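Worth saying up front: this structure is predicted, and the values here are computed from it rather than measured.
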Amino acid sequence: MARGGSKVNLTVFDFLPEDVVMLASCKGLVCCRSCFPSEKPFIYVCNPWRREWVKLEWPWLTSKYEISNSQRNTALALALDFDPSKGFVETFKLVRVKQVEVERDEDDDEQEGKLYFTFELYSSEIGAWWKSNETCQCYSKWVNNEGIYIGGVLHWLNGYGVLTFDVENELSWLVPAPVPVSEFMAVPEVCIGESEGRLHYVVVSEQGVHVWCLEDCYEYRWILMYCKSLEEIEGEWPQSFINLKEHMLERVNGPWVKPLAFKDGLLLMKCVYLYLFDVKNNKMAQACSLQDLKSQCMFKPTVLAHSLSLVPFNTV
């Protein structure tokens with residue numbers, strides 16, 4: 001984590017036949033789509049390290065209204081399990097989660113305005129999409145689009161809880177956050193990630209940086225793995241951070257410190273710069289300046305934890 005050791009690469013996907021938007025990543029593969037608007041958009045599942053890909057047709061409507069609506073209310077995630085002994089990616093699945101509002105029923109006004117999730121799946125083994133019978137009622141009006149796949153289950157940040165979906169059994173449920181938002185003076189910033197094969201939940205608030213681990217997703221049991229106050233962070237890295245608590249409470253022009261991704265003990269967070277925080281070894285390094293990124297990445301970046309993989313597809 002030496003300072004200045006990172007490099008911004010803006011041409012990672014230049015081997016694809018068109019410009020793309022990243023949607024998901026899992027075990028070395030990345031799922032992307034064509035940039036909207038597009039007359040005939042596609043989904044690409046690729047291995048950037050090997051520069052290999054498969055192309056799928058975008059199966060949903062692409063009207064201006066549908067595109068705007070789908071970007072707000074849907075997310076696409078990648079689920080991949082492979083046997084390294086076979087030497088190639090045998091199958092993968094895509095899962096599209098969509099948030100739907102209950103239509104008004106004249107006989108049941110209480111249902112009006114309630115939200116629920118639906119799920120659609122694609123399997124490369126059969127080459128087709130299908131709609132799951134599973135639905136999940138929810139109360140938050142947004143779902144984070146970065147799905148994390150751990151042990152057969154997909155996880156999305158949903159408000160201040162976690163939406164989960166068992167891909168094989170097509171079952172979903174909501175896991176409440178380890179700490180309710182009412183415990184904080186100001187609205188906290190959160191992200192989820194994976195470390196040692198378990199889901200982690202990161203909270204940055206006026207109380208500091210807290211990292212929780214989900215011990216049991218069925219009993220909703222969280223364990224606090226790490227915590228550090230903002231005052232301690234300032235004291236250890238005064239050249240990078242100052243008046244953190246004051247900035248967190250004021251929230252001028254949005255959150256001052258925002259966690260973006262967590263993977264294997266490394267927290268990527270945005271402040272004036274992008275920083276990599278090794279919470280286990282208590283090390284901090286500046287990853288890059290926001291000016292090093294494209295303008296559209298500065299305010300609402302899509303951040304996916306990605307591991308390099310040499311495993312090829314069985315067909316390309």
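Counted within 6.0 Å of NZ on Lys93, heavy atoms from surrounding residues, nucleotides or ligands total more than 12; the atom is thus considered enclosed. When the shell of 6.0 Å around CG of Asp14 is examined, it contains more than 12 heavy atoms from other residues, nucleotides or ligands. Enclosure of atom CG in Leu171 by more than 12 non-hydrogen atoms of other residues, nucleotides or ligands within 6.0 angstrom is indicated. Other residues, nucleotides and ligands contribute at most 12 non-hydrogen atoms within 6.0 Å of the CG atom of Asp19. In Tyr273, the OH atom is not crowded: 12 or fewer heavy atoms of neighbouring residues, nucleotides or ligands sit closer than 6.0 Å.
Take Phe13 and apply the ring-ring contact (aromatic ring centres under 6.0 Å, His included) test, not counting sequence neighbours, and it matches no residue. Taking Phe241 as the reference, Tyr275 meet the ring-ring contact (aromatic ring centres under 6.0 Å, His included) condition, with sequence neighbours excluded. Every residue was checked against the ring-ring contact (aromatic ring centres under 6.0 Å, His included) condition with Phe117, not counting sequence neighbours, and none meets it.
Ring geometry, Trp129 versus Tyr122: the interplanar angle falls from 30° to 60°, so the pair is classed tilted.
Of the possible polar contacts, none joining the Glu194 side chain to the Ile150 backbone as a donor-acceptor pair under 3.5 Å is found. Of the possible polar contacts, one joining the Asp278 side chain to the Asn281 backbone as a donor-acceptor pair under 3.5 Å is found. For the pair Thr91 (side chain) and Ser124 (backbone), a donor-acceptor distance under 3.5 Å is absent. Remark: the backbone N or O of Leu310 is paired with a side-chain donor or acceptor of Arg50 at under 3.5 angstrom. Glu134 places a side-chain N or O within donor-acceptor distance of the main-chain N or O of Ser172, the cut-off being under 3.5 Å. For the pair Trp212 (side chain) and Ala177 (backbone), a donor-acceptor distance under 3.5 Å is absent. With hydrogens and angles disregarded, no donor-acceptor distance shorter than 3.5 Å links the side chain of Trp49 to the backbone of Ser307. No donor-acceptor pair closer than 3.5 Å links the side chain of His200 to the backbone N or O of Ile192.
Taking OH of Tyr44 as the start and SG of Cys31 as the end, the distance is 11.5 Å to the nearest 0.5 Å. Here CD of Glu206 is found 13.0 Å from CD of Glu250. Values are rounded to the nearest 0.5 Å. Once rounded to the nearest 0.5 Å, the distance linking CD1 of Ile148 with CH2 of Trp156 reads 11.0 Å. Rounding to the nearest 0.5 Å gives a distance of 11.0 Å between CG of Leu266 and NZ of Lys280. Here the OG atom belonging to Ser205 is positioned 6.5 Å from the NE2 atom belonging to His210, to the nearest 0.5 angstrom. To the nearest 0.5 Å, atoms NZ (Lys228) and CG (Asn282) are separated by 4.0 Å.
Taking the six-membered ring wherever Trp is involved, the centroid distance between the rings of Tyr218 and Trp173 falls below 6.0 Å.
Nearest heavy atom pair, residue Met22 against residue Leu304, reads CB-CD1, 3.9 Å. When all heavy atoms of Leu78 and Leu154 are compared, the closest pair comes out as O-CD2, 4.0 Å.
Salt bridge annotation for Asp81-Lys27: present, with a cationic side-chain nitrogen under 4.0 angstrom from a carboxylate oxygen. Ionic pairing of Lys114 and Glu101 is not present here: no N-O contact between side-chain nitrogen and carboxylate oxygen is shorter than 4.0 angstrom.
Leu174 is connected to Tyr149 through a chain of hydrophobic side-chain contacts under 4.5 Å among Ile, Leu, Val, Met, Phe, Trp and Tyr, so both are in one cluster.
Screening Ser38, Ser34, Pro41 against Trp58 for a side chain to side chain contact (heavy atoms under 4.5 Å, CB included) leaves a single residue, Pro41.
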